[in-house]
Amino acid sequence: MTPRNFPRNLVMGCLLAAGIVTGSGKDAEAGPGGAPIDCAILLCLAGGWPSSPECSAARAEFIRRITPWPVEPPLQIWRCPLGASAPAQERPSFRSRLFRAAMRSSGDAVPSPEEIAARIIQANQADIDISGQEFNFVRSIRVYHVDFTARKERDYCGEHDSTRVGTYGPQGEFSWSGFSAKSVPTYVMSRVRGCPEGGRVRAVGVEWRDYVGNVGSELVRY
């Protein structure tokens, strides 16, 4: 399911995460085989959403997250622990590695695997360095949440634009910033009618590039 030359540490990290519950609620539900759904989203997105039951489920969750309300980060990489990438025959269990890390950082106070995973979630970023160009596909994701209204009353027309764009930082952290509805890509809206015509636009668009640079997008109107 993964493309050739895909980073081994990413593949191994996702496999190591299998069976570890990294959060609560529907966003933390495990995918096929027990792996957190965000590990499946990460791999399937990188591979260009291959045709498989696992990737179909991952893509459905990816789109569900941008379907109002609320609009969420479509990939929540902090819910997929990626740390540790040694070959299987050379590594201890993933839980053992978590406990060893906790012992080094917390003295005698050893948190549970769930507590350690919760720290990763609270940090809202990947638990390994993903700043290299091989992870550019994560940072390629853009979420455009359009909420624009132009209302004409007699001789006056007022515009209200609370559109925003969601982007990913160097370590996979997600953030929103203000944006103009009139500047969104054409797949989201070919033309936003402002004054003097008037109108209202509400939609969420998401775009991405896979590991080899192929572009994809989805649009949800509401």
Side-chain angles (χ1 to χ4, degrees), residues 23-29 37-38 40-42 44-46 48-49 56-80 120-126 130-131 133 135-222:
S24 59
K26 59 187 176 182
D27 290 335
E29 291 178 356
I37 190 68
D38 282 279
I41 291 174
L42 189 68
C44 294
L45 171 65
W49 303 109
S56 294
R59 184 178 177 121
E61 176 63 11
F62 185 83
I63 301 304
R64 183 204 67 76
R65 290 175 176 176
I66 67 157
T67 304
W69 287 89
V71 179
E72 309 169 56
L75 169 62
Q76 298 172 19
I77 194 172
W78 49 91
R79 293 184 180 273
C80 177
I120 296 171
I121 293 172
Q122 290 168 1
N124 277 7
Q125 64 180 38
I130 66 164
S131 61
Q133 64 179 5
F135 291 96
N136 282 345
F137 72 93
V138 173
R139 291 178 287 275
S140 75
I141 301 171
R142 294 287 186 276
V143 182
Y144 296 95
H145 186 189
V146 180
D147 189 348
F148 177 87
T149 303
R151 181 175 298 175
K152 184 177 182 180
E153 296 181 2
R154 296 184 180 180
D155 297 330
Y156 171 78
C157 184
E159 295 183 355
H160 175 76
D161 189 355
S162 58
T163 298
R164 55 183 183 163
V165 60
T167 56
Y168 287 84
Q171 298 301 335
E173 64 275 23
F174 184 85
S175 62
W176 292 103
S177 58
F179 203 73
S180 169
K182 296 179 180 180
S183 299
V184 299
T186 55
Y187 78 86
V188 178
M189 199 62 56
S190 58
R191 179 171 177 261
V192 175
R193 293 191 302 173
C195 292
E197 300 103 319
R200 187 175 189 184
V201 178
R202 293 199 299 176
V204 183
V206 60
E207 66 186 37
W208 63 85
R209 293 179 182 270
D210 65 19
Y211 183 70
V212 296
N214 297 313
V215 179
S217 64
E218 286 282 349
L219 176 66
V220 177
R221 300 182 187 275
Y222 67 100

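Only this structure's heavy atoms are used, side chains among them; waters, hydrogens and symmetry mates stay out.
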- What do the steps show when you test L42 against F137 for side-chain contact (heavy atoms from CB on, under 4.5 Å), and what is the final call? CA-CA 9 Å; L42 189 68; F137 72 93; 4.0 Å; yes
- Item | Donor-acceptor pair, side chain of Q171 and main chain of I130, under 3.5 angstrom | yes
- Item | Plane angle bin for Y222 and H145 - parallel if under 30°, tilted between 30 and 60°, otherwise perpendicular | tilted
- Query: For S162, does its backbone N or O pair with a side-chain atom of D147 as donor and acceptor, under 3.5 Å?
  - Reply: no
- Give a yes or no on whether the backbone of I63 and the side-chain of T67 come within a donor-acceptor separation of less than 3.5 Å. yes
- Any sub-3.5 Å donor-acceptor pair from R142's side-chain atoms to T167's backbone N or O? no
- Query: From S140 OG over to W208 CH2, what is the distance, rounded to the nearest 0.5 angstrom?
  - Reply: 9.5 Å
- Heavy-atom closest pair (R139 atom, P170 atom, distance to 0.1 Å) is NH1-O, 2.9 Å
- Message: Strictly distance-based, threshold 3.5 Å: is any side-chain N or O of D38 a donor or acceptor partner for the main-chain N or O of Q76?
- Response: yes
- Message: With salt bridge (charged side-chain N to carboxylate O under 4.0 Å, His left out) as the rule and sequence neighbours excluded, what pairs involving residues 205-220 come up?
- Response: R59-E218
- Could you tell me the separation between the CD atom of E72 and the CZ atom of R64, rounded to the nearest 0.5 Å? 5.0 Å
- Task: Show your reasoning for whether side-chain contact (heavy atoms from CB on, under 4.5 Å) applies to R65 and I41.
- Result: CA-CA 12 Å; R65 290 175 176 176; I41 291 174; 3.9 Å; yes
- Do V138 and L45 come within less than 4.5 Å of each other through their side chains, counting heavy atoms only? no
- Indicate yes or no: at least one non-hydrogen side-chain atom of S180 is less than 4.5 angstrom from one of D161. yes
- Would a line drawn from the ring center of F174 to the ring center of W78 be shorter than 6.0 Å? no
- Closest approach of A181 to F148 (non-hydrogen atoms, all atoms of both residues): CB-CB, 3.8 Å
- Note on the structure: The reported gap from CZ in R79 to CG in N124 (rounded to nearest 0.5 angstrom) is 8.5 Å
- Item | Passing option when M189 is tested against V146, T163, L219, V184 for side chain to side chain contact (heavy atoms under 4.5 Å, CB included) | V184
- Query: Atom CD1 of I77 and atom OH of Y168: how far apart are they, to the nearest 0.5 Å?
  - Reply: 9.0 Å
- Query: Which heavy-atom pair separates P74 from I66 by the least distance, and what is that distance?
  - Reply: CB-CG2, 4.1 Å
